[in-house]
Each structure stands twice: as structure tokens, then as C-alpha cells.
Amino acid sequence: PVGPTNIILLVPEGEMKITDNVGFTMRYFSIWRLRSSDGLYSTDMENLTRPADTEGVRNGKYVAGGPSFEISYTARKHFICTLTTGTFIPGDYMKNTSKGETLQGIIAKAYYRF
């Protein structure tokens, strides 16, 4: 729910190969606003979804964080399937400028690469 503009993004990750065809990746992402004069943009970077701080108001710089887990399966040399699940846990900035709700999502993808 956060576009890639005016943010600091830290994402440590670990990866395990379970079999020759199956892999597992764990990540934890943390997002901060670059400056308190920055708002947040939608993923298409067109719309301001959260405002910058105003004079005398400090909404916090920590936006959100959360874990993500991915399982990938290489069916053939050029065909890969992945299943990813993640949780978006709001930080001070999201709590002070929105409902501050925790979001969860699941994404299934299939790739054909040649």
C-alpha cells in the first residue's frame, strides 16, 4: 500500500533451498519516510495518500513493517510458481494519519521465462 517514493526501505531476508525445485524465502521489511516534509504516495506514484507533517505537528517517521514468506516451485526450466504471504503492521506515521490497521495479503504468481 506504499509507493516507492521518498521512503527508506530496509528488507533483510533469508533463503533456503528445500529441494532442487522448491525454495523458501523469509523477509522482514521496515519503511520510514525520508523526511518529515514527505507524505506517502500510492503505488502508481500519482496520488498523495498520506500528508506531510504540518507546522508544529509531528506524525512520526516510521511508516510500517512486517514479515513476508514466499514459497517458490520451479516446475520446468522456464516455468516458476510462487506463493507469497505478508503482513503490513502500521507504525506511528500510519497510526497518526489513518486508521492504522494491520493488513495481510496473499499473492500467487506464475512465470514463464525464456
Side-chain angles (χ1 to χ4, degrees):
V2 175
T5 304
N6 300 343
I7 61 172
I8 298 169
L9 178 62
L10 177 65
V11 187
E13 70 178 36
E15 188 174 348
M16 289 187 323
K17 192 162 192 157
I18 297 171
T19 68
D20 286 342
N21 295 353
V22 178
F24 179 72
T25 305
M26 299 173 289
R27 296 179 185 90
Y28 192 92
F29 64 93
S30 296
I31 305 168
W32 292 265
R33 293 187 298 158
L34 191 59
R35 294 174 295 274
S36 60
S37 60
D38 292 328
L40 289 183
Y41 291 86
S42 60
T43 54
D44 63 5
M45 296 181 289
E46 293 288 324
N47 302 312
L48 187 65
T49 61
R50 301 281 176 266
D53 292 355
T54 56
E55 188 69 35
V57 175
R58 298 288 174 246
N59 288 318
K61 286 185 92 172
Y62 186 63
V63 174
S68 138
F69 305 96
E70 179 178 285
I71 294 177
S72 61
Y73 173 66
T74 304
R76 298 208 180 349
K77 181 179 177 183
H78 301 286
F79 187 66
I80 301 167
C81 298
T82 64
L83 181 64
T84 306
T85 183
T87 304
F88 183 89
I89 303 167
D92 289 341
Y93 181 68
M94 294 301 287
K95 289 177 183 175
N96 291 329
T97 61
S98 71
K99 292 180 181 178
E101 295 176 336
T102 298
L103 303 174
Q104 294 180 328
I106 296 174
I107 301 169
K109 296 180 184 178
Y111 300 93
Y112 182 79
R113 297 182 184 185
F114 51 95

J.: Are Ile107 and Ile80 grouped together when hydrophobic residues (ILVMFWY) are joined by side-chain heavy atoms under 4.5 angstrom apart?
T.: no

J.: Does atom CG of Leu10 have more than 12 heavy-atom neighbours from other groups under 6.0 Å away?
T.: yes

J.: Would you kindly confirm whether Tyr28 and Met26 end up in one hydrophobic cluster when ILVMFWY residues are joined by side chain heavy atoms under 4.5 Å apart?
T.: no

J.: Are Phe88 and Ile7 grouped together when hydrophobic residues (ILVMFWY) are joined by side-chain heavy atoms under 4.5 angstrom apart?
T.: yes

J.: For the CE atom of Met94 and the OG1 atom of Thr102, what is their distance to the nearest 0.5 Å?
T.: 10.5 Å

J.: For the pair Lys61 (side chain) and Leu34 (backbone), establish whether a donor and an acceptor sit closer than 3.5 Å, ignoring hydrogens and angles.
T.: yes

J.: Taking Val57's backbone N and O only, do any of them form a donor-acceptor pair with Thr54's side chain (distance below 3.5 Å, no angle check)?
T.: no

J.: Return the CG to OG1 distance between Leu40 and Thr97, rounded to the nearest 0.5 Å.
T.: 7.0 Å

J.: What is the minimum heavy-atom distance between Asn96 and Asn59, and which atoms define it?
T.: ND2-O, 2.8 Å

J.: Quick one: side-chain hydrogen bond (donor to acceptor under 3.5 Å, both in side chains) pairs with a partner in residues 73-94, sequence neighbours left out?
T.: Glu70-Thr84

J.: Hydrophobic clusters here meaning ILVMFWY residues chained together by side-chain heavy-atom distances under 4.5 Å, can you tell me if Phe29 and Trp32 are in one?
T.: no

J.: With clusters defined by side-chain heavy atoms of hydrophobic residues (ILVMFWY) lying less than 4.5 Å apart, directly or transitively, does Phe69 cluster with Ile106?
T.: no

J.: Within the distance-only criterion (no hydrogens, no angle test), does the side chain of Arg33 pair as donor or acceptor with the backbone N or O of Asp38 below 3.5 angstrom?
T.: yes

J.: For the residue pair Pro90 and Leu103, establish whether any side-chain heavy-atom pair is separated by less than 4.5 Å.
T.: no

J.: Would you name the heavy atoms of Gly66 and Ile89 that are closest together and state the gap between them?
T.: CA-CD1, 4.2 Å

J.: Who passes ring-ring contact (aromatic ring centres under 6.0 Å, His included) against Phe79, sequence neighbours left out?
T.: none

